[in-house]
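Letters A, B, ... are given to chains in the order of the sequence lines, protein chains preceding strands, and every chain is numbered from 1.
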Amino acid sequence: MRRPLRAGAVAARRPGGRLGARPQARAGARLLRTDDVRGHGGRSRRAGRDRGRRALRRPARPDRRSGDLGHRFRVRRRAAPDRPRGGRPRTRGSTLGCGLARRVRDADRSGGRGRRPPDRPPPARAGTPGRTRRGAQREEPDAKGRQARGRACPADRRGGDRREAGDAARHAGEAGPEARGGHGPGGGGSRRRRGGDTMTTEETTQIATEPLGDWRRDTNCGGPRLEHVGREVTAMGWVATRRDHGGIVFIDLRDRTGILQVVFDPDDSPDAHRRAHGLRSEWVIAVRGRIAARPAETVNPDLPTGQVELRVSELRVLGSSRALPFALDDEDQTNENVRLKHRYLDLRRPRLTHNLLSRHRATSAVRRYLDEQGFVELETPILTRSTPEGARDYLVPSRVNPGSVYALPQSPQIFKQILMVAGFERYYQVCRCFRDEDLRADRQPEFTQVDLEMSFVGQEDVLRLTEGLLVAGASAIGAPVPETPFPRMTYHEATTRFGTDRPDTRFGLELVELSDLMRESKARILAEVVARGGIVSGIVADDGARLSRRELDELVAWVQTLGAGGLAWIRANEDGWQSPLAKFFDEGERERVCERTGLRTGGVLFLVAGPRKHAQSVLGQLRLRLAQMLGKIPEGRWNYLWVTEFPLLEENAEAKRLVAVHHPFTSPFEEDLDKLETEPESVRALAYDVVLNGTELGGGSIRIHRPEVQARVFRALGIDPQQQRDQFGFLLDALSFGAPPHGGLALGLDRLCMLWLGENSIRDVIAFPKTQRAADPMSDAPAPPAPGQLRELGLRPV
RNA sequence: GGGGUCGUAGCUCAGCUGGUUAGAGCGCCGGCCUGUCACGCCGGAGGUCGCGAGUUCGAGCCUCGUCGGCCCCGCCA
């Protein structure tokens, strides 16, 4: 709970992606619809050859690129045989003429070329540095035979080729690409930007495509089956792959529902077949034709639509595409920056399409569930007021109030409580939250919470309701449905047994405390810690002897990076203990340690000594790492868990004072109230977190609705009345006008979807996520303000 | 704020102890191909080795700085 629910997103708010496909009253149109890409061909297409490889895709395999325990699991693309694309249209002048295709591609190339000064006359500067020089050098020895052809000037190579091909139409675009390429004058400007490969409107409008006209889609690509054979249909989508045999052309047509093989056969339509040669990846086309059964030997069992194909009688090119910056392949390993820059392409990959569609389904199921439970969806302000403590705020200056700022909400916490005072009784919102903190794989600067609050309830009610919500969401998204009620564990138990307040209970490796045994130990390094009030605690890995000496040393080094004093290990070999500490333990001590920890031959005991909280936290992290190293994390387990009885307050080391573990409005246990002034840190809170496989999904609390209790908590926190009024005055005001008992919780929707979908990064379930530096490579946000903007806001750069 | 790791063709990568003209696969372009589905075959183009300094006779490789991606610690009531 004190950890924010990092997770965020966009798609959730969309009511539900309708495509252009209008549910026309065409006969049978609905029959051919499916609603999702699951089992989509993009993935299954290759199943035949790839089954083995893909089977490896999900299970934890460390990412080669991150020296860490592997959060991203990708497979390197296997080298494939060369398979150039063939076929250009043999006839010019059709709307799909090659001139068109060429222009698109040329524009791309010149753009991608980067830094060449846009206005350089190609032949004149053949001596300038860079590739030109290279080319020139190469030219001399090579100026014989076919190599010399078209290479008078490297910069003009393409031009030469083009003229050779003698296509007048292409010349139309010729000056263009050269002149256009990428960078502005001097290539300066936005240096670190994507630069050269962004097209202008002028360029894109040169690409001739056909209007939709009166064509309307009446089938989805994922829909057609044997029962539809014979039907005349119109399908629209993207060219996923093209297999051009010259005499016959196959296209895998993709829309969000799946993949359909369409066949261009001259026997069906010479015109469509001829023009099909010019199609390229990711062009948007519309095809009309008849659904036909595939010849038996050509059925593709890996494709849901694999028994049929669409034999095309008519083709319309609705949109063309430049050459892609990366392969739209679920297993593609392209650098995330490149993918984010072209997120619209990335999102076409079936996996991401599926993720976002699934997320939509989960979100709408959650809405349905809460609606059924009597909840009201209400919105709270985005431009709001900064509150003290917590994460850093994103600030928005106010033009009409110079010098004042709004803050974007870290969560709608105060507003949702006020809605309870306002009498709505049950509120929820799928809302965006903003926190200006450093990012992680499961944290974004803006993320989405399912936020809810209820009146006249106790903790039990919120927990039960949340369990129902998670059941509804999990079933909608296709994840295993959890059994309810979830197991419960107190904060004390969680930190003692697992070293964390969000335990992963899928495996053992639990912590064992040895402080009492070490008090008299000759290992002074341990004994002294106990003497100072710290603890010695350990974890036994019963098959830890599998770890090499080197791995053990690496663990020691790693633990040090966590800020721990150190990590000691004791390896129980056949012939006794092997350990840097072995000499400090006599036979009796060894026996007692083994008895306590269960250490047996073949096992390794890891020991950490230090202040209780710190030592536990280090062991908690070590526990996760050991589980990964030793392969102890079972796949397919979904351990949902409630952690309850959090402490109300804790010491903040930096500020040297007590701070709220959850937030200052969290209700203490009634029976602990007496200790608020005497032993504040032992007061338990009516706060709870829900945890799945070691990840915090969300948390909440029963709030304080009695002003006198609130006053005591503020006092314990050292917040004086003046500060109270300044910082939370409006909430305290509200609570003073008849506040119902209330409580609620917030779930990180993005994280939830990430786990449910088996993803390892929150970015894969967010339509437009940001990088670790909170930037969006696509829109280039954030960006410096325009001249005048700051002045208007009354701001000056520091 | 700190640690790790990466940055070489559009993409993914190789590049030996510093040494001649920086390679591969995919993609792209051209040609051929009527049952493919990661189609195939033949040919071709494509590189400021992230950027800037330095060391050196010589730097993709060494040093320093810097920018950027990812992972982690701190942080995230």
Engineer: Quantified in whole Å, what is the C1' atom distance between nucleotide rG47(B) and nucleotide rU8(B)?
Structural biologist: 8 Å
Engineer: Would you mind telling me which residue lines up with the more 5' stretch of RNA chain B, Val263(A) or Val338(A), judged by nearest nucleotide?
Structural biologist: Val338(A)
Engineer: Among rG68(B), rC72(B), rC37(B), which is the nearest nucleotide to the side chain of Asn337(A)?
Structural biologist: rG68(B)
Engineer: Expressed as a whole number of Å, how far does the P atom of rA24(B) sit from that of rG31(B)?
Structural biologist: 24 Å
Engineer: With a cut-off of less than 4.0 Å, is there a side-chain N or O of Arg243(A) near OP1 or OP2 of rC39(B)?
Structural biologist: yes
Engineer: Does rC75(B) have OP1 or OP2 sitting under 4.0 Å from an N or O in the side chain of Arg435(A)?
Structural biologist: no
Engineer: Would you measure the distance from the C1' atom in rC28(B) across to the matching atom in rG74(B) and give it in whole Å?
Structural biologist: 46 Å
Engineer: Compare the ring of Phe250(A) with the six-membered ring in the base of rU36(B) and state whether they stack (centres under 5.5 Å, planes under 30°).
Structural biologist: yes
Engineer: Rounded to the Å, how far apart are Glu437(A) CD and rC72(B) C1'?
Structural biologist: 16 Å
Engineer: Would you call the rings of His663(A) and Phe665(A) parallel, tilted or perpendicular, where under 30° means parallel and over 60° means perpendicular?
Structural biologist: tilted
Engineer: Output yes when a side-chain donor or acceptor of Gln307(A) lies under 3.5 Å from a complementary backbone atom of Val299(A), and no otherwise.
Structural biologist: no
Engineer: Determine the interatomic distance between C1' on rC11(B) and the same-named atom on rC6(B); round to the nearest Å.
Structural biologist: 16 Å
Engineer: For Asp764(A) and rC71(B), what is the distance between atoms CG and P respectively, to the nearest whole Å?
Structural biologist: 10 Å
Engineer: Classify Glu297(A) by what it touches in the nucleic acid, base, sugar-phosphate, or nothing, heavy-atom distance under 4.0 Å.
Structural biologist: nothing
Engineer: Should His245(A) be counted as stacked on rU36(B), where stacking needs a ring-centre gap under 5.5 Å and an angle between planes under 30 degrees?
Structural biologist: no
Engineer: With C1' as the reference atom in both, quote the distance from rU17(B) to rC13(B) in angstrom, rounded to an integer.
Structural biologist: 23 Å
Engineer: Hey, is the side chain of Arg294(A) poking within less than 4.0 Å of OP1 or OP2 on rC37(B), counting only N and O atoms?
Structural biologist: no
Engineer: Sub-3.5 Å donor-acceptor pair from the side chain of Arg435(A) to the main-chain atoms of Pro445(A), do we have one?
Structural biologist: no
Engineer: Taking only the side-chain nitrogens and oxygens of Gln261(A), find out if one of them lies under 4.0 Å from OP1 or OP2 of rU36(B).
Structural biologist: no
Engineer: So, is Arg773(A) near the phosphate of rG68(B), with a side-chain N or O under 4.0 Å from OP1 or OP2?
Structural biologist: yes
Engineer: Run the salt bridge (Lys or Arg N to Asp or Glu O under 4.0 Å) check on Glu282(A) and Arg280(A) step by step: do they pass?
Structural biologist: CA-CA 6 Å; Glu282(A) 298 305 312; Arg280(A) 291 293 182 276; over 6 Å; no
Engineer: Looking at Thr298(A), does any N or O in its side chain come under 4.0 Å of the phosphate oxygens OP1/OP2 on rU36(B)?
Structural biologist: no
Engineer: Could you work out which one of rC37(B), rC72(B), rU34(B) sits closest to the side chain of Asp265(A)?
Structural biologist: rU34(B)
Engineer: Below the 4.0 Å mark, does rC71(B) have OP1 or OP2 next to a side-chain nitrogen or oxygen of Arg763(A)?
Structural biologist: yes
Engineer: Any side-chain to backbone donor/acceptor pair from Arg294(A) onto Gly306(A)? Under 3.5 Å, distance only.
Structural biologist: yes
Engineer: Under 4.0 angstrom, heavy atoms only, what part of the nucleic acid is Arg440(A) near: base, sugar-phosphate, or nothing?
Structural biologist: base
Engineer: Do Phe646(A) and Leu648(A) touch side chain to side chain, with heavy atoms closer than 4.5 Å?
Structural biologist: no
